[in-house]
Amino acid sequence: MSFDIALTINGLHRVVAIDDPRITLLDLLRERLDLTGTKKGCDRGQCGACTVLVDDRRVNSCLALAVSLDGAVVTTIEGVAHGDTLHPVQAAFIENDGLQCGFCTPGQIMSAIGLIREGLAGDDPERIREGMSGNLCRCGAYAGITEAILEAQARMQLEHKGEAA
Amino acid sequence: MRPFAYDRPTTIADAVASGAQPETAFLGGGTNLLDLMKGNISRPARLVDVTRLPGLSTIEWLQDGGVRIGALVRNSDLAHDPRFANRFPSVAEALLSGASAQLRNAATAAGNVLQRTRCQYFYDAASVCNKRDPGTGCGAIGGLTRLHAVLGWSEHCIATHPSDFCVPLVALDAVVEIEGRAGRRDVPLEALHRLPGNTPERETVLEPGDVITAIRLPAEAAAYAGNARYLKVRERTSYAFAVVSAGAALRLDQGTIVSARLALGGVALKPWRARAAEDLLAGALPGATVFRDAAALALAEARPCGDNGFKIELARRIIVRALTLAAAGTPDRVPALPASPFALAPTQEVSAHV
Amino acid sequence: MSDITMPNVAAIERSRHGSSIGQPVTRREGHLKVTGQAGYAADYNPPGLLHAVMAVSGISRGRVTHLDVAAAEAHPGVVKVMTPANAPKLAKSPDDKDHGFMFRMNVLQNDSVRFANQPIAVVIAETLEAATEGVALLRPRYAEEPARIGLDGSAAFALQAVGAGAPAKGGIGDIEAGLAEAATRFEATYETPAQYHNPLEPHATVAEWDGDKLVLHTPSQGLTMAQGRIAGLFGIDPANILIKSPFLGGGFGAKGLFSGPQVLGIMAARFVGRPVKLVLRREQMFGPVGHRGETRQTLRLGADSTGGLTALEHNTLTTTSFYDDFFEPAGTTSRHLYASPAIATSHEGVRADIGTPIFMRAPGEAPGSAALECAIDELAVKAGMDPLDFRLRNYAEIEPITGKPFSSKALRQCYAQGAARFGWASRPRAPRQMRDDDGLLVGWGVGTATFPAMIFPSEARAVLRVDGSARVEIGAQDMGQGAWTSLAQIAADGLGVDYDKLDLEIGSSALPTGGIAGGSAGTATAGSAIHHAAADVIKKLAALATSDERSPLFGAGNSGVVPRDGRLVRQDDESRGESYASILARAGLAEIDGKGSAGPNPSMQESYAMHSHGAVFAEVKVDPDFGQIRVTRLVGAFAAGRIINPRMVRSQYYGGMIWGVGFALHEHAAADPRSGRLMNANLAEYHVPVNADVPLIEAILVEEHDPHVNVLGLKGVGEIGITGTVGAIANAVWHATGVRARAFPITLDTLLERPGDI
Ligand SMILES: Cc1cc2nc3c(=O)[nH]c(=O)nc-3n(C[C@H](O)[C@H](O)[C@H](O)COP(=O)(O)OP(=O)(O)OC[C@H]3O[C@@H](n4cnc5c(N)ncnc54)[C@H](O)[C@@H]3O)c2cc1C
Ligand code: SF4
Ligand code: FES
Ligand code: FES
């Protein structure tokens with residue numbers, strides 16, 4: 001049984017033949033589409049390393065079946081920078097050292113982008129910490145992650161205002 | 001993972017028919033089912049993806065003031081729906097205390113209610129388990145039982161139901177709408193999950209093919225909005241299942257409790273409604289003594305099933321606190337750490353006052 | 001050669017000149033990591049790749065009697081199942097060890113089972129999905145023997161050596177006499193559980209054989225050791241093995257010794273004659289790749305009427321496997337930390353049907369200082385002293401047992417700066433005195449941090465090019481500590497070139513041996529070799545210049561010139577100099593290279609005790625009724641010699657301190673006492689701290705100059721953070737609640753035994 005599904009991945013429309021319905025979105029990205037930026041830390045929804053945006057919402061790609069996502073818009077870590085210009089969250093992660101080994105980092109950044117988009121945490125660090133608690137960082141880069149999000153969010157708001165003006 | 005046939009029906013009738021076939025499972029957000037399939041705990045031959053069924057993704061406000069939560073409404077969407085959070089704050093708080101933001105974005109209302117136990121022995125394919133493989137024995141009894149049930153368990157199964165969402169729902173008389181081969185029916189949430197008894201493998205009253213289409217909260221439930229809390233004790237600050245939790249809601253009239261709603265999580269194989277305690281509270285003035293009496297009553301039948309006796313005392317204390325917090329009034333906004341005892345954000349300064 | 005050269009992609013916003021060391025430059029590889037381009041082992045997908053998944057044992061002890069290989073091989077996509085019946089025989093027994101830094105391993109050479117989660121077969125398939133299901137279809141049957149589990153599961157026995165070879169016993173003076181004369185005595189037993197490293201990146205191998213040549217992508221904290229281990233097992237020349245490990249998704253010790261599953265990945269590739277990727281499933285990280293052994297530590301202490309220690313006894317019982325030897329050196333901390341006329345430390349071992357424990361972030365010091373810092377605190381309270389004053393009263397001016405001076409020790413400043421920042425002075429002495437506005441109990445605790453300063457043998461190569469750029473090569477590893485950055489900073493300064501004109505190459509076994517990224521010695525180890533390699537280049541360059549009449553440096557003598565910003569200048573007059581480019585050009589050279597090596601310096605080790613130190617202050621809040629604990633504030637002040645990059649060092653301290661939070665409150669592997677199976681072998685239940693567990697954390701980098709420790713004057717920073725933190729938190733929990741928890745992690749039920757407010 002093979003299913004052709006339509007996916008928009010990082011802005012690119014593509015039809016992907018799913019020859020095995022067991023394939024998760026994570027394994028599709030990593031093993032078949034050569035998008036290995038998204039990481040597998042547990043494969044069971046327990047670490048957040050596989051976080052991507054599906055239809056603009058952050059989800060664990062390890063617990064999403066690819067076949068069920070027909071028509072979805074997927075954004076991965078490979079799709080957030082504009083050419084050489086980093087997304088504000090990416091830049092802020094570097095600046096605030098919100099990473100060490102870097103393995104959780106793609107998931108953290110996608111989760112952070114999702115969190116900022118949700119717009120519910122505001123500039124309350126406690127809400128950010130809670131909202132980011134689905135992303136384990138075994139290296140313990142949490143302080144930098146929280147700082148990075150606060151900083152990036154503020155910058156994005158400024159830019160947004162700038163655009164609106 | 002066992003290979004499976006994948007079916008994505010577009011009508012509820014088709015879903016029911018497809019789901020009624022042997023070795024079939026419905027796929028909602030997949031965050032529980034896929035996890036179990038990866039662990040070889042569930043090995044369905046067929047998945048029926050219900051996520052494209054029409055009309056099940058909306059929060060519908062009923063004429064009488066009640067609400068109908070479509071089975072496919074995602075946990076996060078429900079919790080963040082302003083009107084819903086306003087009317088049913090303890091449900092929103094419970095939802096937001098569960099899992100992670102990512103999981104809540106995927107998890108559906110029905111899937112959450114039907115998520116299966118996190119009993120470590122159920123989850124470990126190398127252990128025996130009456131629920132997973134009927135008749136093999138209970139692997140947990142005599143093993144690590146710290147987080148197992150203190151109410152309603154049997155010598156065949158001592159597991160608990162892990163859902164946070166269900167706890168305030170059951171307290172508030174939620175009703176589950178089911179579409180099955182015999183048509184539509186309503187089942188009170190309290191009657192959906194079964195206690196283990198001799199048949200721990202029969203987890204709910206659902207029949208093959210039964211699709212949950214919605215969860216309803218009655219208008220009366222909204223009357224508790226001003227005094228409704230969910231409280232969850234866990235072993236790390238976030239992203240952890242409850243050790244024990246409680247949903248408490250009060251209707252107060254001029255300082256007197258007109259009626260109370262109380263349920264516990266993490267103590268039994270179903271969300272545990274504490275009706276006797278509710279009855280005791282009705283008509284009382286809120287206060288430590290009556291709350292303690294209510295807690296004692298709620299746990300009167302409790303007994304440890306191993307090294308988990310502490311959960312009984314913990315549950316009593318949580319009830320008292322949850323009632324106290326409910327009596328104090330629902331906060332305007334769900335706290336930064338939902339349902340956590342650590343509601344206030346830490347600051348650099350701590351005043352050392354005695 | 002490794003094709004991963006770190007170009008200057010990182011937007012080094014502050015392009016700088018002059019000294020790189022000490023600058024808080026951002027991570028050199030940061031851009032690659034935040035864009036998903038950093039290639040970890042499992043990200044490599046060569047053409048023709050097959051996927052391998054291990055089947056692991058469901059029992060702790062016995063034999064595998066049956067595997068349904070036919071069912072697995074019948075599954076569409078499965079190529080082959082590798083079992084003890086058909087697995088390639090290794091050139092040497094995986095139980096033969098040439099030295100202590102080797103795991104005995106279980107790699108399908110027989111059907112025995114020595115621990116739960118031991119590999120018992122490998123299924124190789126065209127897809128990951130097929131391989132995974134193939135494993136499920138094997139349905140192993142066993143001849144099971146009763147498992148021996150825990151600290152009481154078998155008889156304890158005496159040990160000669162612990163950890164990396166430290167003597168099991170060590171002390172000075174007469175403990176009984178010291179206790180007899182004490183005005184205050186204290187004795188207690190502390191338990192620490194088995195903990196699992198769980199780097200977020202599970203071990204992965206992508207193995208490609210070409211005849212007798214092997215190319216391997218796998219995370220490794222010690223490339224040369226790994227190469228040697230593989231060469232021995234497969235009977236091939238180490239030169240035929242290329243290991244690439246440019247990025248590790250964390251290691252913490254789990255990727256130090258080459259492990260069985262990594263060997264199985266290589267075997268699988270040979271078995272099927274195709275490239276094979278094998279990635280551990282998370283639950284498989286609980287067993288075959290090491291863990292921190294359980295300990296039971298009994299301490300007896302005495303203090304005189306002024307609070308001076310008269311005796312410190314620290315006895316440890318610790319578990320290891322039945323087939324290998326590694327013993328958590330928990331007692332060694334007590335040999336270094338406090339002054340006492342009588343110190344006795346000893347270790348006993350006990351065997352269990354578990355995978356072999358191994359070094360895990362702050363091996364020995366983490367559990368050892370957890371117990372010691374709690375016991376010291378308890379004694380201080382008994383003696384009626386402030387716990388910080390008590391520690392100062394027992395400050396070790398020299399290393400107590402050896403009598404050696406410290407190469408440097410700014411611990412006093414750590415205590416002072418940490419205490420000031422934290423606000424320790426206003427702490428009430430008695431427990432259960434502080435509440436916050438919510439009625440939560442608040443407690444403050446302190447712990448002393450310590451970790452030895454080590455260095456391992458290593459070599460580096462440096463090249464200066466005529467265009468003014470440079471390149472440094474060393475087979476060092478970056479597992480998140482910042483080696484890509486800090487080694488480049490050291491190299492830039494050594495060569496006198498701009499940081500951004502320097503190419504650094506690390507993470508490949510084809511490079512000069514970079515030693516081990518472990519023991520908090522990675523920067524000292526690789527950095528020192530780089531420093532010497534750079535000096536070698538400069539020396540050669542100076543020789544060219546000073547012997548050439550046409551150079552303004554002619555006659556200055558080799559030692560009379562120093563490197564500055566791409567030039568050699570006269571030491572006595574820095575305005576006189578010549579650029580590298582012109583020296584090389586005149587000599588007709590495109591480039592000039594040098595080599596350097598580093599390693600332990602026995603004479604310094606003879607003369608000095610070398611340790612990093614620190615003080616950690618913790619605030620916890622505890623719900624008075626539920627016993628749920630949250631660490632609401634952590635302040636650590638650490639002195640570790642020279643700081644190469646404060647940004648990266650601070651992150652290392654944070655990481656260690658957060659591990660301290662996990663140690664104190666969360667981490668423990670829960671074994672079923674009957675089967676020995678770990679029932680929480682996953683990241684949902686083996687809790688490590690989440691973001692919300694770490695609200696406020698601060699690290700103070702206390703200035704310290706160490707002229708002795710090594711050529712760079714730097715001590716380790718990677719592990720020390722965990723050491724003081726555990727005790728500080730436990731002591732804060734006591735201060736909040738009045739309950740002394742002596743088993744880690746401290747769980748809420750321990751605190752529930754006290755009546756709550758309710
Ligand atoms: C790491 C982790 C941590 C978690 N922590 C928490 C926590 O703290 N608190 C908590 O409450 N939960 C927690 N969860 C569980 C999570 O809430 C559930 O996985 C989720 O709610 C399930 O919803 P779903 O839509 O993904 O369900 P699915 O996985 O799709 O389905 C679950 C079950 O419901 C059935 N089903 C789904 N929809 C229907 C329908 N319409 N009709 C009939 N049957 C249906 C499925 O067949 C399946 O048996 C956690 C999960 C993970 C992985
Ligand atoms: S408690 Fe229930 S779910 Fe757990 S092992 Fe026993 S029977 Fe299975
Ligand atoms: S890999 Fe998906 S949550 Fe860990
Ligand atoms: S940076 Fe290593 S796990 Fe987060």
Side-chain angles (χ1 to χ4, degrees), chain A residues 1-3 5 18-27 42-72 107 110-112 114-115 117-122 124-136, chain B residues 1-8 27-39 44 46-52 74 76-77 79-80 82 85 96-107 111 123 234 236-240 333-340 342-347:
Chain A
M1 204 169 23
S2 182
F3 299 82
I5 61 164
I18 303 289
D19 55 9
D20 185 336
R22 294 175 294 185
I23 299 169
T24 60
L25 175 59
L26 175 60
D27 290 332
C42 71
D43 209 22
R44 306 290 283 268
Q46 304 168 349
C47 76
C50 64
T51 304
V52 299
L53 303 184
V54 171
D55 297 333
D56 278 350
R57 298 154 65 99
R58 46 181 170 154
V59 297
N60 303 107
S61 60
C62 68
L63 290 184
L65 278 186
V67 275
S68 71
L69 294 177
D70 195 4
M110 297 317 293
S111 190
L115 172 124
R117 191 161 299 177
E118 288 155 19
L120 297 163
D124 177 354
E126 192 81 330
R127 286 186 191 270
I128 291 174
R129 287 180 206 115
E130 163 65 24
M132 291 299 293
S133 283
N135 292 82
L136 301 184
Chain B
M1 196 183 286
R2 179 179 174 192
F4 53 83
Y6 174 77
D7 185 15
R8 191 197 294 150
L27 176 72
T31 60
N32 186 229
L33 182 62
L34 274 181
D35 183 31
L36 290 164
M37 288 167 68
K38 288 182 182 207
R46 180 184 182 80
L47 283 197
V48 179
D49 185 344
V50 295
T51 57
R52 307 296 169 102
R74 307 289 166 158
S76 51
D77 293 338
H80 291 135
L96 293 175
S97 75
S100 67
Q102 289 96 314
L103 289 161
R104 295 191 294 267
N105 274 342
Y123 253 86
R234 24 193 156 175
R236 67 181 170 192
T237 306
S238 185
Y239 204 11
R333 189 180 174 197
V334 176
L337 302 180
S340 170
F342 302 103
L344 284 193
T347 56

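Just so it is clear: chains get the letters A, B, ... in the order the sequence lines come, proteins before strands, and each one is counted from 1.
- In this structure, the portion of A:L136 lying under 4.5 Å from any heavy atom of chain B is its side chain and not its backbone.
- Contacts between A:L53 and chain B at a heavy-atom distance below 4.5 Å are absent for every atom of the residue.
- Using a 4.5 Å cut-off between heavy atoms, B:L96 touches chain A through its backbone atoms (N, CA, C, O) alone.
- Using a 4.0 Å cut-off between charged nitrogen and carboxylate oxygen, A:D124 and B:R333 do not count as a salt-bridge pair.
- Without hydrogens or angle criteria, B:R8 side chain to A:V67 main chain gives a donor-acceptor distance under 3.5 Å.
- Partners of B:R46 according to the side chain to side chain contact (heavy atoms under 4.5 Å, CB included) rule, which considers only residues two or more places apart in sequence or in another chain, are B:A5, B:D7, B:S18, B:Q21, B:T24, B:V48.
- For the pair B:A101 and A:G131, the tightest heavy-atom approach, listed with the atom from each and the gap, is CB-O, 4.0 Å.
- Among A:R58, A:Q46, A:E118, A:R127, the residue making the largest number of heavy-atom pairs under 4.5 Å with chain B is A:R127.
- Using a 4.0 Å cut-off between charged side-chain N and carboxylate O, A:D70 and B:R52 make no salt bridge.
- With a threshold of 4.5 angstrom between heavy atoms, B:V50 does not approach chain A through any atom at all.
- Ranked by non-hydrogen atom pairs under 4.5 Å with chain A, the options B:L33, B:N32, B:T237, B:T31 are led by B:T31.
- With sequence neighbours excluded, the residues forming a side chain to side chain donor-acceptor pair (under 3.5 Å) with B:D49 are B:Y6, B:T51, listed by chain and number.
- Applying the side chain to side chain contact (heavy atoms under 4.5 Å, CB included) test between B:D35 and each of A:L63, A:D43, A:N60 identifies A:L63 as the sole match.
- Of the listed residues (B:M1, B:Q102, B:M37), the greatest number of heavy-atom pairs within a distance under 4.5 Å of chain A belongs to B:Q102.
- Using a 4.5 Å cut-off between heavy atoms, A:S68 touches chain B through backbone and side chain atoms alike.
- In terms of heavy atoms, B:A336 sits closest to A:E126 at CB-CG, 3.7 Å.
- For the set A:R22, A:M132, A:E130, the count of heavy-atom pairs under 4.5 angstrom toward chain B peaks at A:R22.
- Proximity to chain A (any heavy atom under 4.5 Å) is shown, for B:S340, by neither the backbone nor the side chain.
- Note that CG of B:L34 and OG1 of A:T24 are 8.0 Å apart. Values are rounded to the nearest 0.5 Å.
- Of the atoms belonging to B:R236, it is side-chain heavy atoms, and not backbone ones, that fall under 4.5 Å from chain A.
- Scanning both residues, A:R57 and B:N105, for their nearest heavy atoms gives NH2-O, 2.9 Å.
- Scanning all heavy atoms of the two residues, the minimum distance from B:K38 to A:C62 falls at NZ-O, 2.6 Å.
- With chain A as partner, the option from B:G29, B:S76, B:G39 having the largest number of non-hydrogen pairs under 4.5 angstrom is B:G39.
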